[in-house]
Amino acid sequence: MNAMNFTEPEERVALRAAVAELGKKYGHEYYAKQARAGLKTEELWAEAGRLGYLGVNLPEEYGGGGAGIADLAAVLEELAAAGCPLLLMVVSPAICGTVISRFGTDEQKKRWLPGIADGSRRMVFAITEPDAGSNSHKITTTAKRDGGDWVLSGRKVYISGVDEADAVLVVGRTEDSKTGKLKPALFIVPTDAPGFEYKQIEMDIVSPEKQFGLFLDDVHLPADALVGEEDAAIAQLFAGLNPERIMGASFSLGIARYALAKGVAYANERKVWGAPIGTHQGLAHPLAEIKIELELAKLMTQKAASLYDSGDDFGAGESANMAKYAAAEVAIRSVDQAVQTHGGNGLASEYGLGTLVAAVRLGRIAPVSREMVLNFVGQHSLGLPRSY
């Protein structure tokens, strides 16, 4: 993104247009129908992969597009704006693909990145634990050495898409041989590994992607399951969490755009007392406010992506948290106002808004809670005392 005129490169503008056409081909009706039937959006995922959209951020030598997280975020935003938000884009190419491309061995890159790029393989991400919540320092999933190999044990919760994944990038902890203290480490765990089990968590969100609890009972892993260096795990972890927040923001932005477009169209078409309901400021002003907030959140998301792609991990962290916060808030407002604009029709299935009411609420919770973002900004941006 050009910092002087705030316009995106021509290549990204063209990418957005092409992805928008793909999203339009499927649309929210397809997405919701698949979700309600307990099915996946396999056709859309496969076509997006064949067209190269899922791997635009991954290195060209491994089948990717050689671009950055800004381009992948644009893909997700456009699909979501068409009513087809693909949650696994946040974890497979963005988190896992980024971590492996930056820190993985040559063998790990060859084994995983081409499939992640073309959509034929999926890898999901597991950090959250039942008793750790937002405090990742309290993670208890532990890896112990077994000769040259590893044995991994622990539990994870609210892990997306495990049932359609080939492997899970698990955040565990290893013991420091010098201090005896536990330190974070990342492991690639195949979903068919002995001792690895998962159970679906029933949710009230209508989504093709399901949530799972993971149970790792002495899962034996080869030495090369470890991603990168043990001592660099914190840096490696945050290399994946910044893209996660940027993609989370783009997910929310796309849904906000979809809902706003639906609300505006209905306000122009629906007539009461001889005039379109959009004539009345009681509806026009809230929709206009959402447009303003949406553009502001989009700018912060683009800034975060630009900083990340330039190598400024700390600057990207601040902006990514702010972007995720702003995008989640405007998505909630946009869906709520679109429903209100439609009146009773807003919750009728044919209008394609009701399924999003719970979905956008998730943006305040994941991938990092609204409160933890405020803690980050208070401490790191404002210099206030740490509150937790």
Side-chain angles (χ1 to χ4, degrees), residues 87-88 90-105 107-109 111-113 115-116 121-146 148-176 182-201 209-244 366-368:
L87 179 60
L88 287 195
V90 178
V91 288
S92 192
I95 303 176
C96 301
T98 297
V99 169
I100 292 174
S101 63
R102 285 186 62 173
F103 302 103
T105 63
E107 179 57 33
Q108 287 169 342
K109 292 175 185 178
R111 187 187 312 165
W112 292 105
L113 292 183
I116 291 175
R121 304 189 84 178
R122 296 174 179 86
M123 185 181 293
V124 297
F125 182 67
I127 183 171
T128 307
E129 293 189 359
D131 298 320
S134 297
N135 188 356
S136 57
H137 297 286
K138 294 294 184 181
I139 285 174
T140 58
T141 297
T142 305
K144 297 181 180 179
R145 289 192 179 276
D146 180 20
D149 296 339
W150 296 95
V151 178
L152 189 63
S153 296
R155 287 186 62 193
K156 299 290 181 181
V157 70
Y158 293 111
I159 309 305
S160 304
V162 182
D163 59 331
E164 49 190 311
D166 299 281
V168 182
L169 183 62
V170 175
V171 181
R173 305 183 79 181
T174 63
E175 184 176 307
D176 190 314
L182 294 176
K183 56 186 180 181
L186 306 178
F187 296 89
I188 298 174
V189 182
T191 52
D192 60 357
F196 179 93
E197 296 182 7
Y198 55 91
K199 182 179 181 181
Q200 184 176 333
I201 302 169
E209 298 90 3
K210 306 306 179 184
Q211 300 296 313
F212 296 87
L214 306 187
F215 305 88
L216 300 100
D217 184 13
D218 288 342
V219 178
H220 286 257
L221 300 170
D224 64 359
L226 177 70
V227 178
E229 301 292 332
E230 288 182 66
D231 295 332
I234 284 289
Q236 293 166 186
L237 179 57
F238 281 95
L241 294 183
N242 282 336
E244 179 187 41
V368 59

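The first residue of the sequence shown is numbered 1, and numbering continues consecutively from there. Everything numeric in this text was worked out from a predicted model, so none of it was measured.
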Inset, instruction - Show your reasoning for whether side-chain contact (heavy atoms from CB on, under 4.5 Å) applies to Val90 and Glu209. - result: CA-CA 12 Å; Val90 178; Glu209 298 90 3; over 6 Å; no
Is there side-chain contact between [X] and [Y], with heavy atoms separated by less than 4.5 Å?
| X | Y | answer |
| --- | --- | --- |
| Ile188 | Met123 | yes |
| Thr142 | Ser153 | no |
| Asp166 | Trp112 | yes |
| Thr174 | Trp150 | yes |
| Arg173 | Thr140 | no |
| Gln211 | Leu87 | yes |
| Ser101 | Leu113 | yes |
| Ile100 | Lys109 | yes |

Where do [X] and [Y] come nearest, in terms of heavy atoms and distance?
| X | Y | result |
| --- | --- | --- |
| Lys156 | Val171 | NZ-O, 2.7 Å |
| Ala239 | Phe103 | CB-CE1, 3.4 Å |
| Leu221 | Phe187 | CD1-CB, 4.1 Å |
| Leu226 | Ala185 | CD1-CB, 3.9 Å |
| Ala94 | Pro243 | O-CB, 3.8 Å |
| Ile116 | Pro93 | CG2-CA, 3.7 Å |

Inset, instruction - Mark yes when over 12 heavy atoms from residues, nucleotides or ligands other than Asp131 sit less than 6.0 Å from its CG; otherwise mark no. - result: no
Legend entry - Phe215 atom CZ, neighbour heavy-atom count above 12 within 6.0 Å: yes
Legend entry - Qualifying residues under salt bridge (charged side-chain N to carboxylate O under 4.0 Å, His left out), relative to Asp163, sequence neighbours excluded: Lys40
[X] side chain to [Y] backbone, donor-acceptor under 3.5 Å:
| X | Y | answer |
| --- | --- | --- |
| Arg121 | Arg111 | yes |
| Gln108 | Thr105 | yes |
| Gln236 | Leu186 | no |

Gap between atom [atom2] of [Y] and atom [atom1] of [X] - 0.5 Å precision:
| X | Y | atom1 | atom2 | value |
| --- | --- | --- | --- | --- |
| Glu197 | Leu216 | CD | CG | 9.5 Å |
| Cys96 | Arg122 | SG | CZ | 12.5 Å |
| Phe125 | Leu169 | CZ | CG | 6.0 Å |

Inset, instruction - Run through Val170, Ile139, Ile159 and flag the one making a side chain to side chain contact (heavy atoms under 4.5 Å, CB included) with Ile127. - result: Ile139
Inset, instruction - Go through the steps for Phe196 and Val168 under the test side-chain contact (heavy atoms from CB on, under 4.5 Å), then give the verdict. - result: CA-CA 10 Å; Phe196 179 93; Val168 182; 3.8 Å; yes
